[in-house]
Structures are given as C-alpha cells and as structure tokens.
Student: 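Take a look at this one; I'll ask things after.
From a predicted model like this one, the values you see are computed outputs, not experimental measurements. The analysis underlying the following values was restricted to heavy atoms, covering all of them including side chains, and did not include hydrogens, waters or symmetry mates.
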Amino acid sequence: MLRNIAYSLISRNFKVSKDWEEQLDRFFYQTHLVDLLNRLKINCVIDVGANIGSYAQSMRKLGYKGYIFSFEPHPEIFVTLKRNLQPDSLCRAYDCALGSENTSAIFNLNSYSELSSFLAPNPDMPKTVNSCEVNIRTLDSLLNEIIALVPEPRIFLKMDTQGYDMEVVKGANKCLDKILCLQSEISVQPNYGNIPSYLDVLKYYQSLDFRLIDLFPAFRNPKGGVVEYDCLMVRD
C-alpha cells in the first residue's frame with residue numbers, strides 16, 4: 001500500500017530524491033524478506049560479513065525474534081560489532097570469516113570497511129589500506145555449537161563477503177538441508193580480481209537445489225547500471 005502511494009505521488013510529478021526511492025525499495029525488500037522468513041519458520045540467521053551489525057539490527061526492527069550468528073573478520077570492526085550486539089541475548093558475534101575450509105588467509109582491509117575482502121579490489125575501487133591474517137571456519141565445523149543453542153535450526157544464510165560467498169556455501173555441505181533460504185551478493189560488473197560471475201554463482205546455487213525468487217540492486221554505477229545484486233533463494 002505504501003509503495004502504491006509513493007509511486008502515485010511520483011507519477012504526479014511529486015519530486016522525490018533518488019536516495020529516498022532507494023530507501024523505500026530497500027524497506028519493502030526487507031519487509032518482504034521478513035514475511036518470507038516467517039513463512040519458512042526461520043529460527044536461525046547466519047549473518048556472514050556482518051560489519052558493525054547493521055543487518056542484525058534491521059532484522060530486529062522488522063520483527064525477527066530468533067537467533068542471529070554474526071561473523072566479521074575485520075579486527076577493528078569486530079570490536080564495534082560485538083559492542084552493538086552485546087545487549088541482545090540472542091545474538092552471537094564471531095571474529096572470523098566463513099569459508100570452504102578451516103584455515104587462515106590474508107584479508108585486505110579497505111578504506112571503506114564494508115568493502116574489505118580476501119580478493120584484491122580493481123583499480124577503480126577504493127584502495128586497500130592494510131592487510132592482516134584472519135581465521136576462516138567452515139559453517140559445518142560450527143554446526144554443533146549452533147545446534148546447542150538452536151536444537152532444530154531452520155537457517156537463513158545471509159552473505160555479504162565481497163566475492164567470497166560461494167566459498168562460504170562450499171563449507172556448509174553437511175548442513176545444506178538445514179539452510180532453507182539464502183541471500184547472496186552477486187557481481188554483474190566485477191569490482192575485484194578473480195570474482196565469480198553472477199551467472200556462475202547462480203548456477204552453483206541452483207545445482208544445490210536453491211531456487212531464485214528475488215533480485216534486489218545492491219549497488220549501481222553513476223550511469224545507473226547495476227553493479228551488484230542481492231539474490232534471494234529458497235530450497236526447492
């Protein structure tokens with residue numbers, strides 16, 4: 001209803017900023033997502049690439065009441081994440097990345113913390129300012145810890161790892177049947193070296209019996225072209 005009102009005003013030449021339109025679309029995407037999680041009876045959100053915890057906080061504001069497990073390998077940002085989530089007894093913060101194996105790797109710290117990645121940014125991206133070695137865990141290796149808190153987990157896997165999402169899913173082979181829904185950032189115009197194509201990522205998820213149900217533009221270039229989508233998929 002609110003969307004119809006907004007677009008009715010726009011059609012009558014009511015001046016609305018582009019930023020306002022994007023915020024409106026983001027709001028409706030998030031409310032649609034929460035409705036979906038309710039229908040799937042999701043009781044466990046895995047937030048990979050949590051940064052300072054904004055996603056977890058927005059989920060709470062939209063009415064999600066279950067457990068949230070947030071992962072952030074950036075050592076400085078993790079301190080803020082833990083502080084932001086600390087008042088919430090159903091949130092857990094982990095200072096590691098998720099990937100396809102239990103190991104460690106060099107993590108590139110970007111001048112914009114949310115753009116930090118295991119991949120190197122392209123020349124037109126904000127620059128890497130430092131790097132550090134971080135721990136990587138598989139989701140499979142953490143499953144017993146999750147089950148101790150959520151005995152029958154129905155998982156929503158949200159990923160925002162700047163090109164590393166497929167590696168996260170590869171480390172979840174033993175618990176794929178518990179992941180009922182996933183959100184992944186897929187790249188149409190690559191911002192990092194060796195980043196998988198959005199077509200390859202979608203094909204991989206589909207091979208695991210996930211079905212695409214929604215796409216939301218996560219980032220556009222100055223000419224309006226989509227650079228990255230958030231794709232929303234559910235298990236068939």
Student: Could you go through Y55 and Q183, starting from their C-alpha distance and side-chain angles, then the distance that decides it, and tell me whether this counts as side chain to side chain contact (heavy atoms under 4.5 Å, CB included)?
Tutor: CA-CA 12 Å; Y55 192 88; Q183 178 180 308; 3.4 Å; yes
Student: Could you report the tightest heavy-atom contact between M233 and L212, atom names first, then the distance?
Tutor: CE-N, 3.5 Å
Student: Go through it in stages, so that I can follow the logic: the residues are D165 and L182, the test is side chain to side chain contact (heavy atoms under 4.5 Å, CB included), and I'd like the CA-CA distance, side-chain angles, deciding distance and then a yes or no.
Tutor: CA-CA 11 Å; D165 290 10; L182 68 80; over 6 Å; no
Student: Please list every donor-acceptor pair under 3.5 Å in which a side-chain atom of residues 71-88 meets a protein atom from a residue at least two apart or in another chain.
Tutor:
residue : atom : partner : partner atom : Å
E72     : OE1  : N51     : N            : 2.7
E72     : OE2  : H74     : N            : 3.0
H74     : ND1  : E76     : N            : 3.3
H74     : ND1  : I77     : N            : 3.4
N84     : ND2  : I52     : O            : 2.8
N84     : ND2  : T80     : O            : 3.4
D88     : OD1  : R60     : NH2          : 3.4
D88     : OD1  : L90     : N            : 3.0
D88     : OD2  : R60     : NE           : 2.6
D88     : OD2  : R60     : NH2          : 3.3

Student: Give a yes or no on whether Y205 atom OH has more than 12 heavy-atom contacts from other residues, nucleotides or ligands under 6.0 Å away.
Tutor: yes
Student: Any salt bridge (charged side-chain N to carboxylate O under 4.0 Å, His left out) pairs touching residues 143-158, not counting sequence neighbours?
Tutor: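 Only D47-K158 qualify under salt bridge (charged side-chain N to carboxylate O under 4.0 Å, His left out).
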Student: With distance as the sole test, does D140 use its side chain to make a donor-acceptor pair with the main-chain N or O of C175 at under 3.5 Å?
Tutor: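 Yes, D140 side chain to C175 backbone: donor-acceptor pair under 3.5 Å.
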Student: Could you give me the CA-CA distance, side-chain angles and deciding distance for Y198 and V226, then say whether side chain to side chain contact (heavy atoms under 4.5 Å, CB included) is met?
Tutor: CA-CA 12 Å; Y198 71 104; V226 174; over 6 Å; no
Student: By the ring-ring contact (aromatic ring centres under 6.0 Å, His included) test, which pairs, at least two apart or in different chains, include something from residues 126-160?
Tutor: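 Sorted result for residues 126-160: empty, none.
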Student: I'd like to know whether I46 forms a side chain to side chain contact (heavy atoms under 4.5 Å, CB included) with L98, so could you lay out the CA-CA distance, the side-chain angles of the two residues, the decisive distance to 0.1 Å, and finally the verdict.
Tutor: CA-CA 10 Å; I46 309 292; L98 290 185; 4.1 Å; yes
Student: Check whether L143 and L208 end up in the same hydrophobic cluster, where Ile, Leu, Val, Met, Phe, Trp and Tyr are linked by side-chain heavy atoms less than 4.5 Å apart.
Tutor: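 No; L208 is not reachable from L143 via cluster members.
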Student: Quick one: CZ on R137 to CD on E101, what's the gap to the nearest 0.5 Å?
Tutor: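 Going from the CZ atom of R137 to the CD atom of E101 covers 13.0 Å.
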Student: Specify the closest pair of heavy atoms between K170 and S100, including all atoms of both residues, with the distance to one decimal.
Tutor: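 Closest pair (atom of K170, atom of S100, distance): CB-CB, 3.8 Å.
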Student: Among I146, L149, L142, exactly one meets side-chain contact (heavy atoms from CB on, under 4.5 Å) together with R92. Which residue is that?
Tutor: L149
Student: Sort and list the pairs that fulfil salt bridge (charged side-chain N to carboxylate O under 4.0 Å, His left out) and have at least one residue in residues 174-201, not counting sequence neighbours.
Tutor: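 The answer is none; no pair qualifies.
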Student: Using the rule that Ile, Leu, Val, Met, Phe, Trp and Tyr join whenever any side-chain heavy atoms are under 4.5 Å apart, tell me whether L180 and I155 fall into a single cluster.
Tutor: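 No: no chain of side-chain contacts under 4.5 Å links L180 to I155.
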Student: What are the two closest non-hydrogen atoms of P196 and G163, and how far apart are they?
Tutor: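 Looking at all heavy atoms of both residues, the shortest contact is CD-O, 3.6 Å.
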Student: Are L109 and Y164 connected into the same hydrophobic cluster when the rule is that any two of I, L, V, M, F, W, Y join if their side-chain heavy atoms are below 4.5 Å apart?
Tutor: yes
Student: Can you name the residues that form a ring-ring contact (aromatic ring centres under 6.0 Å, His included) with Y192, not counting sequence neighbours?
Tutor: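 With sequence neighbours excluded, Y192 shows a ring-ring contact (aromatic ring centres under 6.0 Å, His included) to no residue whatsoever.
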Student: V48 and V234: same hydrophobic cluster, using ILVMFWY side-chain contacts below 4.5 Å?
Tutor: no
Student: Distance-only check: which donor-acceptor pairs under 3.5 Å involve side-chain atoms of residues 114-131, not counting sequence neighbours?
Tutor:
residue : atom : partner : partner atom : Å
S116    : OG   : N110    : N            : 2.9
S116    : OG   : S113    : O            : 3.1
S117    : OG   : L119    : N            : 2.9
S117    : OG   : Q162    : O            : 2.8
N122    : ND2  : P190    : O            : 2.8
K127    : NZ   : P123    : O            : 2.5

Student: Measure across Y64 and I42 and return the closest heavy-atom pair with its distance rounded to 0.1 Å.
Tutor: CE1-O, 3.6 Å
Student: Indicate, with yes or no, if F219 and L33 share a hydrophobic cluster defined by side-chain heavy-atom contacts under 4.5 Å among Ile, Leu, Val, Met, Phe, Trp and Tyr.
Tutor: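 L33 and F219: separate clusters.
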Student: Closest approach of C181 and L40, non-hydrogen atoms and distance?
Tutor: CB-CD1, 3.8 Å
Student: I need the minimum non-hydrogen distance between V169 and L157, along with the two atoms involved.
Tutor: CG2-CD2, 4.2 Å
Student: If you round to the nearest 0.5 Å, how far is CG of D35 from CG of L62?
Tutor: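 The CG atom of L62 sits 9.5 Å away from the CG atom of D35.
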